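Remarks on the structure that follows.
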2 protein chains.
Amino acid sequence: MTECVPLAKDREPPRYLQLAGDLRRKVLAGGFPAGFPTEAELCAHYGVSRFTVREALRRLQAEGLISRRRGSGTSIQPAAARGRALHQPLSNIGELLQYGRGSQITYRPLGRVDLPGLAVSHLGQTRADEQWIGFSGLRTLPGDPRPLALTEVFFAPRLEAVCARLDLSSGTLFAQLDELAGINVGKVTQDIQAIPAGSEAARLLGLRRGSPVLRVIRCYHDLSGRLFEISVTHHPGDRFVYSMHIDVEG
Amino acid sequence: MTECVPLAKDREPPRYLQLAGDLRRKVLAGGFPAGFPTEAELCAHYGVSRFTVREALRRLQAEGLISRRRGSGTSIQPAAARGRALHQPLSNIGELLQYGRGSQITYRPLGRVDLPGLAVSHLGQTRADEQWIGFSGLRTLPGDPRPLALTEVFFAPRLEAVCARLDLSSGTLFAQLDELAGINVGKVTQDIQAIPAGSEAARLLGLRRGSPVLRVIRCYHDLSGRLFEISVTHHPGDRFVYSMHIDVEG
DNA sequence: CTTTTCCCGTTGTCCGGACATAATGACCGG
DNA sequence: CCGGTCATTATGTCCGGACAACGGGAAAAG
């Protein structure tokens, strides 16, 4: 029973990343009803050394997917349960992937649009002639008609083919990019600010003009550092708390 | 020239943590004017294996102190330069440690106080009879009289002796805890919300009542998970952007 | 002088092994 | 039934070694 999943010997993606990807997929698909395997079991199963296994697990742990305790073992992190209604944890890529759990959103395609001046001013190096592919949507909780977020998403022009295949009503758009286009996130920058609600945001979020709104601008870069997505989100200040955890590695 | 810094053989703190601490101190003190040493040099210098060195460097990299490139070497991250006036990066412990670079603050001791209901409601498990040691201060940029932040800090009662020795006008208070009391940060949780300015916050920050304010509540836990510090910060929405970076590990 | 090629140093990946330490449950004695 | 002891098991720490991939500069070619 060795090497049930051979982990393509091509060293294109390092083995520990292949392993992490495989395990991540299985965890998210509920593939470990009997609990997460031990390091030794994974070594035997995949035919790799403990180093490779631990490197993969370290990554999954950094993503918040699993938690490990010396002597006890590795367990799958609840993922739900801790994210109560108003809380949107987001401190690492893993939580980014699960972002929006328990909430609903359907995006409306905006077609090719100019980037709003807001986004351009934040990262000035996009050429003015570029038109990005835009989407817009309101995020709501089931059972509560008041929206939790007004989101605008913009994808780089080179992703136009992929954007056509996006499922506009499934969780986050960018989570699909990994599977559809093989785009891996390398870095995300976030700018968070408290601003008064503009007229459109106030109307869509059900607020009075000028009431506090939490605006989050995210820039998604791939592994080689290229910007491929920009999102601008407005949250109502009175019913949204941005909650995040910072774990000192380990 | 081996083992110039013996790294106390007591395995109380693991060797790679001792090494990381030593290197962190040297980097922050400008101890590497000729550039950061290579892994091999560090191995020889401290008499440890490359594993230990790489583990320490991995930590410093996660803290954002150093950056590494295959084939090129390890370099010290600029630390300044990137944090323009209004930006306060904070996505990991390292940036947390450098928090407030370029700004000034002097804390005023509040003595033993009850925790504000706000903080208690966020983490309900503090006993009501406990009185924490409080500090309060306004953070300003040199050359700009308008404050960037109104901060209240509360330390757990067991830290009273340490609090008496805190330098109230030096950077962040919690950064001193590591040196004074050997307290290492294990986890930080943050809650960020956009709220209308209350009367006191408006007055101190020079805002109109009700104008948007970014409120950040942080809970600092040590390595064993015990809460030892809570901070509540109000930032003026019109001139403060909370900027953070999330790097997928590596 | 410019361009290309090659070598060397550095970090990244991966292996095998060893011991330490924490958590768990079984066993045993009160 | 309760409590302590002990072996087992799992992760954490640490070592030595090996090769690959990348950068950069020196050397060689144009």
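Since the model is a prediction, treat every value here as computed from it, not as a measurement.
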Is there a side-chain contact (heavy atoms from CB on, under 4.5 Å) between F36(A) and L65(A)? Walk through the geometry before answering. CA-CA 11 Å; F36(A) 201 86; L65(A) 267 186; over 6 Å; no
Between E55(A) and R58(B), does any side-chain N to carboxylate O distance fall below 4.0 Å? yes
NA contact type, R69(B), heavy-atom cut-off 4.0 Å: base, sugar-phosphate, or nothing? sugar-phosphate
Taking only Lys NZ, Arg NE, NH1 and NH2, and the carboxylate oxygens of Asp or Glu, determine whether E229(B) and R218(B) approach each other closer than 4.0 Å. no
Looking only at side-chain N and O atoms, does R70(B) come under 4.0 Å of OP1 or OP2 in dG23(D)? no
How many Å lie between CD on E55(A) and C1' on dC15(C), as a whole number? 13 Å
Nearest whole Å is fine: how far is dG12(D) C1' from F51(A) CZ? 15 Å
Would you check if T233(B) and R215(B) make a side-chain contact, meaning some heavy-atom pair closer than 4.5 Å? no
Any donor-acceptor N or O pair under 3.5 Å, side chains T74(B), R68(B): yes
Phosphate oxygens OP1/OP2 of dG12(D): is one of them under 4.0 Å from a side-chain N or O of R68(A)? yes
Does Y16(A) have a side-chain nitrogen or oxygen under 4.0 Å from the phosphate oxygens OP1 or OP2 of dT13(C)? yes
In this structure, how many angstroms lie between the P atom of dG12(D) and the CZ atom of R15(B), rounded? 18 Å
Residue met sooner reading DNA chain C from 5', once S72(A) and V53(A) are mapped to nucleotides: V53(A)
Could you measure the distance from the CG atom of D22(A) to the CZ atom of R15(A)? Nearest 0.5 Å is fine. 14.0 Å
Mind checking whether F155(B) and F135(B) have parallel, tilted or perpendicular rings, split at 30° and 60°? perpendicular
Are OP1 or OP2 of dT10(C) and a side-chain N or O of T74(B) less than 4.0 angstrom apart? no
Given 3.5 Å as the limit, does a donor-acceptor pair link the side chain of E39(A) with the main chain of V53(A), or not? no
Can you tabulate the close N/O pairs, meaning under 3.5 Å, that link protein atoms to atoms of nucleotides 17-19 of chain D?
unit_1: dA18(D); atom_1: N6; unit_2: R50(B); atom_2: NH2; d: 3.1

Under a 4.0 Å heavy-atom cut-off, which of residues 33-43 of chain B touch DNA chain C? T38(B), E39(B)
If I compare all heavy atoms of L57(B) with all of I66(B), which pair ends up nearest, and what's the gap? O-CD1, 3.7 Å
